[in-house]
Amino acid sequence: LSTKFLELKKEYAELIALYKWNELVNKSEFSFIPIKGHTYYLYQREDEKLFLSLIEPECWNQLFVGSVTLDSDNKWIKTSNLIKSNKYEK
């Protein structure tokens with residue numbers, strides 16, 4: 001019973017993290033129509049607003065939050081996170 005509970009608790013935590021990450025990306029600014037399967041890059045402006053870009057972090061000097069891919073279910077899947085301990089990981 002306790003093993004099953006721990007598995008469910010872990011699964012619940014993962015779902016909540018996925019939901020929060022998707023909410024964060026969906027609320028960010030972007031001026032293009034995302035294509036499923038493509039990778040995009042999330043950045044933070046000086047005013048702390050987030051924006052999604054096609055430009056990779058190596059190509060310019062912006063505060064990189066992480067990269068995401070839009071999956072076939074229209075969910076944003078985090079593919080990397082440059083800032084190891086940032087406020088977006090909560």
Side-chain angles (χ1 to χ4, degrees):
L1 180 68
S2 64
T3 304
K4 183 66 174 170
F5 174 76
L6 293 175
E7 289 173 7
L8 288 172
K9 186 176 177 181
K10 180 182 177 193
E11 186 176 330
Y12 175 77
E14 290 171 356
L15 285 171
I16 293 298
L18 177 64
Y19 171 80
K20 287 182 178 182
W21 190 253
N22 274 270
E23 183 178 41
L24 192 69
V25 175
N26 285 324
K27 288 183 176 180
S28 69
E29 298 174 1
F30 50 95
S31 57
F32 55 88
I33 298 173
I35 299 171
K36 294 176 183 177
H38 287 226
T39 300
Y40 301 96
Y41 307 94
L42 190 63
Y43 298 96
Q44 181 179 339
R45 298 187 199 285
E46 288 183 15
D47 63 4
E48 296 194 4
K49 290 184 180 178
L50 297 176
F51 68 100
L52 200 59
S53 176
L54 304 167
I55 302 172
E56 296 177 4
E58 301 84 32
C59 297
W60 62 347
N61 189 21
Q62 296 288 328
L63 180 58
F64 177 62
V65 175
S67 60
V68 292
T69 300
L70 187 62
D71 76 2
S72 60
D73 293 325
N74 287 321
K75 290 185 290 190
W76 291 105
I77 306 301
K78 183 171 50 170
T79 54
S80 77
N81 186 29
L82 184 64
I83 304 171
K84 297 297 181 197
S85 59
N86 67 52
K87 63 184 176 183
Y88 304 111
E89 288 300 303
K90 296 177 183 171

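In this chain, residues are counted from 1 in sequence order.
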Sequence-distant partners of K27, salt bridge (charged side-chain N to carboxylate O under 4.0 Å, His left out), two or more places apart
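K27: salt bridge (charged side-chain N to carboxylate O under 4.0 Å, His left out) contacts with E23.
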
When rounded to the nearest 0.5 angstrom, what distance separates [atom1] in [X] from [atom2] in [Y]?
X   : Y   : atom1 : atom2 : value
S2  : K9  : OG    : NZ    : 12.0 Å
F64 : E56 : CZ    : CD    : 9.5 Å
L50 : L63 : CG    : CG    : 9.0 Å
S67 : I77 : OG    : CD1   : 11.5 Å
Y41 : T79 : OH    : OG1   : 7.0 Å
K75 : L70 : NZ    : CG    : 10.5 Å

Report yes or no: does D47 contribute a side-chain atom to a donor-acceptor pair with the main-chain N or O of K49 at less than 3.5 Å?
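Side chain of D47 to backbone of K49, a donor-acceptor pair under 3.5 Å: yes, one is there.
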
Heavy atoms only: give me the nearest [X]-[Y] pair and the separation to one decimal.
X   : Y   : value
S53 : I55 : OG-N, 2.9 Å
V65 : W21 : CG1-CH2, 4.1 Å
N74 : K36 : OD1-CE, 2.9 Å
Y43 : Q62 : CD2-CB, 3.5 Å
W60 : F51 : CH2-CE1, 3.8 Å

So, using side chain to side chain contact (heavy atoms under 4.5 Å, CB included) as the criterion, who are the partners of E7 when residues are at least two apart?
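Side chain to side chain contact (heavy atoms under 4.5 Å, CB included) check on E7 returns T3, K4.
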
Test side chain to side chain donor-acceptor pair (under 3.5 Å) applied to N26 - qualifying residues, sequence neighbours left out:
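Applying side chain to side chain donor-acceptor pair (under 3.5 Å) to N26 gives W76.
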
Between L18 and Y12, is there a shared hydrophobic cluster once you connect ILVMFWY residues whose side-chain heavy atoms come closer than 4.5 Å?
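No, it is not one cluster - the side chains of L18 and Y12 are not joined through contacts under 4.5 Å.
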
Are F32 and Y40, when compared by the centres of their aromatic rings, separated by less than 6.0 Å?
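Yes.
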
Crowding at CD, E46 (>12 non-hydrogen neighbours, <6.0 Å):
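Atom CD in E46 is not packed in, count stays at 12 or less.
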
Can you check side-chain contact (heavy atoms from CB on, under 4.5 Å) on L42 and V68, steps first, answer last?
CA-CA 7 Å; L42 190 63; V68 292; 5.5 Å; no

